[in-house]
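Quick notes on the structure that follows.
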Amino acid sequence: MNEAILLNRIPDLKKVHLFEELESTNDLGKTLLADSSIELPALIYTSKQTRGRGRNGKSWISSPGSLTFSFLVDSRSTQSLPHESLIWGLAVANALNSLTPETCPLLSVKWPNDVMADEKKIAGILIESTARSTQGRVVGIGINLSNSPSRVPDSTGRLNAISVEELTGKQLDVVDVLTAVWNLWNQFRKMQNELIIDSFAQCDFLKTRQIQFECGDLCISGNYQGIDSRGAIQIHTGSQLKTFASGSITGFGPPQKQRSS
Ligand code: BTN
């Protein structure tokens with residue numbers, strides 16, 4: 001990994017921070033954003049992240065072959081927050097698909113931005129900003145590239161992750177992946193709202209599934225009904241359609257066969 005190559009492939013970047021080892025690229029990103037003179041966008045990359053964080057206070061464990069990085073972006077480059085989350089998931093899924101066209105089945109996105117393949121998680125995204133800085137956002141991305149997560153159970157004993165190499169037999173080049181994610185994010189963020197929602201619908205992992213969902217103290221089960229025009233999740237419970245702008249999916253069933261009309 002080399003700074004000059006990265007700046008050449010992603011000329012938008014004002015600064016690249018490379019580390020052999022780092023606790024968390026997101027933690028460093030938040031520290032850097034506190035400095036009002038920081039030039040954006042920037043990239044933080046480490047080949048060994050030792051204390052990665054995931055969504056909802058969980059930790060993100062990295063093993064050799066996993067890709068961990070954070071883009072620091074100007075908040076003004078993505079105006080609406082709900083879509084910001086979706087767009088990064090779409091960018092990562094499409095980037096991996098474009099680099100592994102033989103991937104079957106195609107990668108999908110589990111609301112809001114987990115990237116899934118073969119019913120397992122292949123990449124996760126943690127977007128953060130700091131109270132002291134409204135100028136920028138840290139977009140932390142962890143991708144299972146060449147590690148073997150399908151052989152390592154998670155804290156609940158489940159084997160629920162997979163890597164690109166396990167799925168396709170292919171070892172992707174890290175710079176190719178970073179470049180593709182950045183370029184696709186740039187394409188998605190300039191798209192019309194309806195096109196983003198359509199793109200999400202095309203690779204929506206939760207489509208036709210029963211899900212369990214948590215938002216604060218509320219836990220519900222219901223039929224997933226897609227996302228609304230603001231990117232909020234819609235769930236049918238009993239006779240009601242409920243909409244949530246935030247929250248997390250705590251469980252999901254298999255896809256159901258659609259009834260033909
Ligand atoms: C999730 O799915 O829970 C989000 C995982 C995000 C992990 C990435 S790895 C790079 C960046 N640094 C961190 O500490 N977390 C994110």
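What you see is a predicted model, and the numbers here were worked out from it, not measured in a lab.
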| request: Report the residues that fulfil salt bridge (Lys or Arg N to Asp or Glu O under 4.0 Å) with Glu3, sequence neighbours left out, ordered by chain and then residue number. | output: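 In terms of salt bridge (Lys or Arg N to Asp or Glu O under 4.0 Å), with neighbours along the sequence ignored, Glu3 is linked to no residue.
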Side-chain donor-acceptor pair under 3.5 Å between [X] and [Y], yes or no?
X      : Y      : value
Asn144 : Asn147 : yes
Thr68  : Gln49  : no
Ser85  : Asn113 : yes

| field | Under 3.5 Å: donor-acceptor pair, side chain of Ser24, backbone of Arg53 | value |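 Looks like no, no N/O pair under 3.5 Å.
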| Counting N and O atoms only, with roles assigned by atom type, does the side chain of Gln256 sit under 3.5 Å from a partner on the main chain of Pro254, one being a donor and the other an acceptor? |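 At least one qualifying donor-acceptor pair exists.
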| query | With under 30° as parallel and over 60° as perpendicular, where do the rings of Trp185 and Trp88 fit, or are they tilted in between? | reply |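 Judged by the thresholds at 30° and 60°, the geometry between Trp185 and Trp88 is parallel.
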With sequence neighbours left out, what residues match [X] under side chain to side chain contact (heavy atoms under 4.5 Å, CB included)?
X      : value
Gln187 : Leu184
Asn56  : Ser248
Gln202 : none
Gln210 : Asn223

With sequence neighbours excluded, what pairs up with [X] under the ring pair (Phe, Tyr, Trp, His ring centres under 6.0 Å) test?
X      : result
Trp60  : none
Phe188 : none
Phe200 : none

Compare all side-chain heavy atoms of [X] with those of [Y] and state whether any distance is below 4.5 angstrom.
X      : Y      : answer
Ile125 : Val139 : yes
Leu178 : Met1   : yes
Thr31  : Asp27  : no
Cys203 : Leu90  : yes
Leu43  : Pro41  : no

| message | I'd like to know whether Arg137 forms a side-chain contact (heavy atoms from CB on, under 4.5 Å) with Asp74, so could you lay out the CA-CA distance, the side-chain angles of the two residues, the decisive distance to 0.1 Å, and finally the verdict. | response | CA-CA 6 Å; Arg137 247 191 276 293; Asp74 193 315; over 6 Å; no
| Is there a salt bridge (Lys or Arg N to Asp or Glu O under 4.0 Å) between Asp176 and Arg9 once you walk through the steps? | CA-CA 9 Å; Asp176 287 346; Arg9 294 281 302 277; 2.9 Å; yes
| request: If a pair satisfies ring-ring contact (aromatic ring centres under 6.0 Å, His included) and one of its residues is in residues 5-58, list it, with sequence neighbours excluded. | output: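 Qualifying pairs: none.
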| request: Could you name each residue pair satisfying ring-ring contact (aromatic ring centres under 6.0 Å, His included) that touches residues 220-250, not counting sequence neighbours? | output: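 Of all non-adjacent pairs touching residues 220-250, those that pass ring-ring contact (aromatic ring centres under 6.0 Å, His included) are Phe213-Phe244.
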| said: If I compare all heavy atoms of Ser129 with all of Lys30, which pair ends up nearest, and what's the gap? | reply: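 In terms of heavy atoms, the two residues are closest at O-CD, 4.4 Å.
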| query | Is there any salt bridge (charged side-chain N to carboxylate O under 4.0 Å, His left out) pair reaching into residues 34-50, and which pairs are they, with sequence neighbours excluded? | reply |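 Only Glu21-Lys48 qualify under salt bridge (charged side-chain N to carboxylate O under 4.0 Å, His left out).
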| task | Go through the structure and list residues passing side chain to side chain donor-acceptor pair (under 3.5 Å) with Asn26, not counting sequence neighbours. | result |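 With sequence neighbours excluded, Asn26 shows a side chain to side chain donor-acceptor pair (under 3.5 Å) to Ser70, Glu128, given in chain and number order.
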